[in-house]
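Since this is a predicted model, take the numbers as computed values, not measurements. Hydrogens, waters and symmetry mates are skipped; everything else that's a heavy atom, side chains included, is used. For this chain, numbers begin at 1 and follow the sequence in order.
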Amino acid sequence: AAQAAAMLHSLGVHTLQLLTQAAACILLFPRFLLTAVMLWLLDFLCIRKKMLMMPTAEEAASASEGPPPDDPPVCVSDSNRMFTLESLKAVWHGQKLDFFKSAHVGSLAPNPEVIQLDGQKKLRILDFARGKRPLILNFGSCT
């Protein structure tokens, strides 16, 4: 009976996770489509601008030197397109991370569990706050 209850609980947890993922997909899909259209438009405008600014054969022959090296490029290159499968995957992943984050503007800060350096004592981040003094977390790097 205990094994059946554990299996039933496990099935319930997996079902809840699946429903959460499905709800996230439904809610995120319009945002994702809007971003995909914007990436497509950016690529289209860059390609159009590149085609319109192509010099004719006479202009290319008369212009012996190109633009100064400090000029910014006109747009992304053909090998560095914005509207690619990889960029769309990155956009989808970023929107999912944003949707499932625990910190939101205007909400209370999350209070996750942390382990002290000795590895023995577990506390919550806000346990380190003292009175009305602000608690500062530095996630910097030494490299």
Side-chain angles (χ1 to χ4, degrees), residues 1-60 63 65-143:
Q3 188 178 14
M7 285 179 56
L8 194 57
H9 176 71
S10 176
L11 180 64
V13 168
H14 288 303
T15 303
L16 183 61
Q17 288 174 342
L18 182 64
L19 289 174
T20 303
Q21 292 290 329
C25 287
I26 291 169
L27 291 172
L28 293 176
F29 194 67
R31 287 173 51 185
F32 173 74
L33 281 181
L34 180 64
T35 305
V37 167
M38 290 175 66
L39 288 173
W40 177 80
L41 282 173
L42 178 64
D43 265 0
F44 174 75
L45 290 174
C46 285
I47 292 169
R48 181 175 167 260
K49 192 172 190 179
K50 196 174 195 179
M51 297 297 272
L52 290 176
M53 296 188 81
M54 269 187 164
T56 62
E58 298 146 5
E59 290 173 342
E65 62 183 58
D70 59 347
D71 276 356
V74 173
C75 60
V76 293
S77 66
D78 291 335
S79 62
N80 189 20
R81 302 278 305 278
M82 298 294 289
F83 189 72
T84 62
L85 184 59
E86 290 80 23
S87 67
L88 293 176
K89 283 181 186 178
V91 167
W92 180 257
H93 182 69
Q95 288 183 358
K96 271 182 62 176
L97 287 175
D98 188 47
F99 182 78
F100 285 111
K101 69 184 177 187
S102 59
H104 298 279
V105 174
S107 301
L108 292 176
N111 191 17
E113 190 175 74
V114 292
I115 300 172
Q116 286 192 328
L117 290 176
D118 62 11
Q120 303 299 316
K121 191 170 182 185
K122 294 180 181 180
L123 296 170
R124 299 255 171 210
I125 287 181
L126 293 179
D127 293 340
F128 294 98
R130 302 287 179 249
K132 293 190 179 237
R133 293 181 59 195
L135 177 64
I136 298 174
L137 302 176
N138 183 357
F139 296 101
S141 171
C142 295
T143 58

**Q** In Å and rounded to the nearest 0.5 Å, what is the CH2 to CG distance from W40 to L45?
**A**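 So the CH2 of W40 and the CG of L45 are separated by 8.5 Å.
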**Q** Just verifying a value: how many Å separate K96 NZ and L27 CG, rounded to the nearest 0.5 Å?
**A**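 Here the rounded value is 13.0 Å.
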**Q** Can you give me the closest heavy-atom contact between Q116 and L123, atom names plus distance?
**A**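 Result for this residue pair: NE2-CD1, 3.4 Å.
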**Q** What I want to find out is whether D127 reaches K121 closely enough, with some N-O distance under 4.0 Å, to be called a salt bridge.
**A**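 Salt bridge flag = no for K121 with D127.
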**Q** Please determine whether the number of non-hydrogen atoms from other residues, nucleotides or ligands lying under 6.0 Å from atom CZ of F44 exceeds 12.
**A**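 Incorrect, the count does not exceed 12.
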**Q** Side chains of F100 and Q21: closer than 4.5 Å at any heavy-atom pair?
**A**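 Result yes, sub-4.5 Å side-chain heavy-atom pair found.
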**Q** Kindly compute the distance separating CG (L33) from CG (L28), expressed to the nearest 0.5 Å.
**A**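 The distance works out to 11.0 Å.
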**Q** If you take all heavy atoms of S87 and L39, which pair is closest and at what distance?
**A**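 Looking at all heavy atoms of both residues, the shortest contact is OG-CD1, 4.1 Å.
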**Q** So which heavy atom on V114 is nearest to which on R124, and how close?
**A**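 In this case the closest contact between V114 and R124 is CG2-C, 4.3 Å.
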**Q** Would the number of heavy atoms belonging to other residues, nucleotides or ligands and lying under 6.0 Å from CZ of F99 be above 12?
**A**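 Count over threshold, so yes.
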**Q** Are W92 and C25 side-chain neighbours, meaning at least one heavy-atom pair lies under 4.5 Å?
**A**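 A side-chain contact exists here, since the closest heavy-atom pair is under 4.5 Å.
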**Q** Might you confirm whether atom NE2 of H93 has over 12 heavy atoms from other residues, nucleotides or ligands at distances under 6.0 Å?
**A**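 Count not over threshold, so no.
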**Q** Answer yes or no: is there a side-chain heavy-atom contact under 4.5 Å between L88 and F32?
**A**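 They are in side-chain contact.
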**Q** Are more than 12 heavy atoms, taken from residues, nucleotides or ligands other than L137, located less than 6.0 Å from that residue's CG atom?
**A**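 It does: L137 CG has more than 12 such atoms within range.
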**Q** Give the minimum heavy-atom separation between I125 and N111, together with the two atoms involved.
**A**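 So the two residues come closest at N-OD1, 3.1 Å.
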**Q** Indicate yes or no: at least one non-hydrogen side-chain atom of Q95 is less than 4.5 angstrom from one of V91.
**A**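 A side-chain contact under 4.5 Å exists here.
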